[in-house]
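One is the number of the first residue; the rest follow in order along the sequence.
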Amino acid sequence: MAQVVLMPKMSDTMTEGVVAVWHKKVGDTIKSGDIIAEVETDKATMDLEAYESGTILYIGAEVGKPVPVDGILYIVGKPGEDYQHLLQGSAKPVETPATSVEKTESSANKISSPTAVSVDVSNIRAKVERMPKMSDTMTEGVVVKWHKKVGDYVKSGDLLAEIETDKAVMELESYEKGTILYLGVQEGGKIAVDEILYIIGEPDADWKTLLQAAQGGTSLPSAQNITTTPTSTAPNANSEAFSQNTDSNGRIKASPLARKMARELGYDLAQIKGTGDGGRITKADVENYKPFLQPQQPTQVVTQSTTQEVKSVSTTSGGGFENYEEINVTQMRKTIARRLSESKFSAPEFYLTVEIKMDNVMQMRSRLNELSPVKISFNDIVIKATAMALKQHPKVNSSWLGDKIRVNYHVNIGVAMAVEDGLLVPVVRNADMKSLSQIASEVKEFSQKAKDKKLQPKDWEGSTFTISNLGMYNIDEFTAIINPPDACILAVGGIKETVIVEKGEMKIANIMKVTLTCDHRVVDGATGAEFLKTLKANLEEPMRMLV
């Protein structure tokens, strides 16, 4: 009997997934455990495994298109079995825990716009591709760079563009072969989720009719005129260095790595001569650039806009030289700003700071690292001590849910980690029940996965308390903003040799300051103070964590 497989809910915030690629097609025989597709959800791409054995009769999700949770992914059954009645909801679907998807040729001419007018496009050999939703918080994307232009022929797997989302800059690959007929947005332009990104098909296809149908019958916007004809990217051999490596839209041609290096080094890309294809600036060009050997042009005003930066060089009326940089806000930074602003301006926060003697911890750590299979850091010890203190003070380990307070008796500690352009908070689950070496191993694994952008939703969901440690940057103390829905966050400073007075005598001790930020809707001052008292005792007498 044929069965419907729906899009599963793979995280608590997921409302839809985007099919990245299908590994099977209609007519293929599958068995339980086979990888059917890859699905982009929230902040990661996950494999979708087959839950049932049989033949794929129907695929209901197009590559690159969002599918709501409980939307139809595919139908599996016996070869030739009738499944049309299942599309009308007359049979119970199969629920799966799985992950990713690809589309079929039979859906290539469908236009999934809810505002499309009644226009017959079934004979048009072209297809509209829309901006996919790549995370739960994404409402729009920015086209950082088009790698193809109108008139170019592409095949499946070709790199089409680089799209900046609120989480990262991601590569957009073609899942169809054909000619690019229309681009819906210029480089550096924003485009909302589900808006038309491009049209691909046969060179002589009537893409204008297709576009009008997808737009609901409206006429072509004049702003898109630059995308309806092929553009030349050949450099002008007679131009100056700062304009040799720009394209016809005035955008500097440079690899993403070269842009990043130039930003970090404070170089003006407009002054770097590119040696790559078509004058493209490469990593080697940035490395070989000597800014102090370049001829100065004090009267020249140079302004260059990109999706990442706007640089200007000018002279003041007094003859002084000014140099500044304006960086456009990334999608990830927008999300961080929104979430933390909501936290900062909605939660009535207060702060509690305490000094902790770390001499015994330092001695214990040296001994532990002689025995541990993985190097244990001070932060790992702080995580363990905090987890044990939270177990004794569950009110600090609480979550604000608006109309109720959830007191958590399990201890899942989020560990704030800095990544390029933002912050990720993977979670050490049941930290109170784990050994120091287990915690150290998990944190190191999370750190590497964060750098490689391989964290999965299960890695960052479900924290009950958060720790942010800037001690490695020689920060003595600071306050952190609560990571909702947690009620508290602990800011950890560095360990510093300090002269203290103990029993009337001065002595040198290694002191670490920690500051607890509390949501006063959940935690009162006395409750937070009692928690810090326990944490201080755990770290000043660390052997208690081992018994």
Do [X] and [Y] have side-chain heavy atoms sitting under 4.5 Å apart?
{"X": "K357", "Y": "E502", "result": "yes"}
{"X": "L87", "Y": "I75", "result": "yes"}
{"X": "H410", "Y": "N430", "result": "yes"}
{"X": "M512", "Y": "L539", "result": "yes"}
{"X": "E173", "Y": "L160", "result": "no"}
{"X": "L73", "Y": "V4", "result": "no"}
{"X": "I413", "Y": "T386", "result": "yes"}

Kindly check if the number of other-residue, nucleotide or ligand heavy atoms within 6.0 Å of [atom1] ([X]) is above 12?
{"X": "E505", "atom1": "CD", "value": "no"}
{"X": "K444", "atom1": "NZ", "value": "yes"}
{"X": "K395", "atom1": "NZ", "value": "no"}
{"X": "I508", "atom1": "CD1", "value": "no"}

Looking only at heavy atoms, what is the nearest atom pair of [X] and [Y], with distance?
{"X": "D486", "Y": "S463", "value": "OD1-O, 2.9 Å"}
{"X": "N538", "Y": "A389", "value": "ND2-N, 3.7 Å"}
{"X": "E442", "Y": "R429", "value": "OE1-N, 4.3 Å"}
{"X": "I36", "Y": "E49", "value": "CG1-C, 4.1 Å"}
{"X": "M506", "Y": "V501", "value": "CG-CG2, 4.0 Å"}
{"X": "V396", "Y": "V523", "value": "CA-CG2, 4.1 Å"}

message: Would you say T527 and D524 are linked by a side-chain donor-acceptor pair, where the criterion is simply a distance under 3.5 Å?
response: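 Per modelled atom types, D524 and T527 side chains form no pair under 3.5 Å.
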message: Assess, by modelled atom type and distance only, whether the side chains of N397 and T464 contain a donor and an acceptor separated by less than 3.5 Å.
response: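 N397 vs T464: donor-acceptor pair found between side chains.
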- request: Give the C-alpha distance, both sets of side-chain angles, the deciding distance and a yes or no for salt bridge (Lys or Arg N to Asp or Glu O under 4.0 Å) between E370 and R367.
  value: CA-CA 5 Å; E370 294 176 1; R367 179 61 178 151; 2.7 Å; yes
task: Describe, in one word, how the ring planes of H393 and F531 are oriented to each other, choosing from parallel (under 30°), tilted (30 to 60°) and perpendicular (over 60°).
output: perpendicular
query: Looking at E16, M131, R130, which hits side-chain contact (heavy atoms from CB on, under 4.5 Å) with K65?
result: R130
task: State whether E162 and K145 are salt-bridged, where the test is any N-O pair (Lys NZ or Arg NE/NH1/NH2 against Asp/Glu carboxylate O) under 4.0 Å.
output: no
Atom pairs and distances, donor-acceptor, side-chain atoms in residues 471-482, under 3.5 Å, two or more places apart:
unit_1: E477; atom_1: OE2; unit_2: K513; atom_2: NZ; d: 3.3

field: Close aromatic pair by centroid cut-off 6.0 Å: Y74 and Y83
entry: no
- request: For salt bridge (Lys or Arg N to Asp or Glu O under 4.0 Å), just list the numbers for D432 and K391, CA-CA rounded to whole Å, side-chain angles, deciding distance to a tenth of an Å, and then say yes or no.
  value: CA-CA 7 Å; D432 59 308; K391 202 68 178 176; 3.7 Å; yes
- request: Assess whether side chain to side chain donor-acceptor pair (under 3.5 Å) is satisfied between D359 and Q363, documenting all intermediate values.
  value: CA-CA 6 Å; D359 298 86; Q363 293 176 11; over 6 Å; no
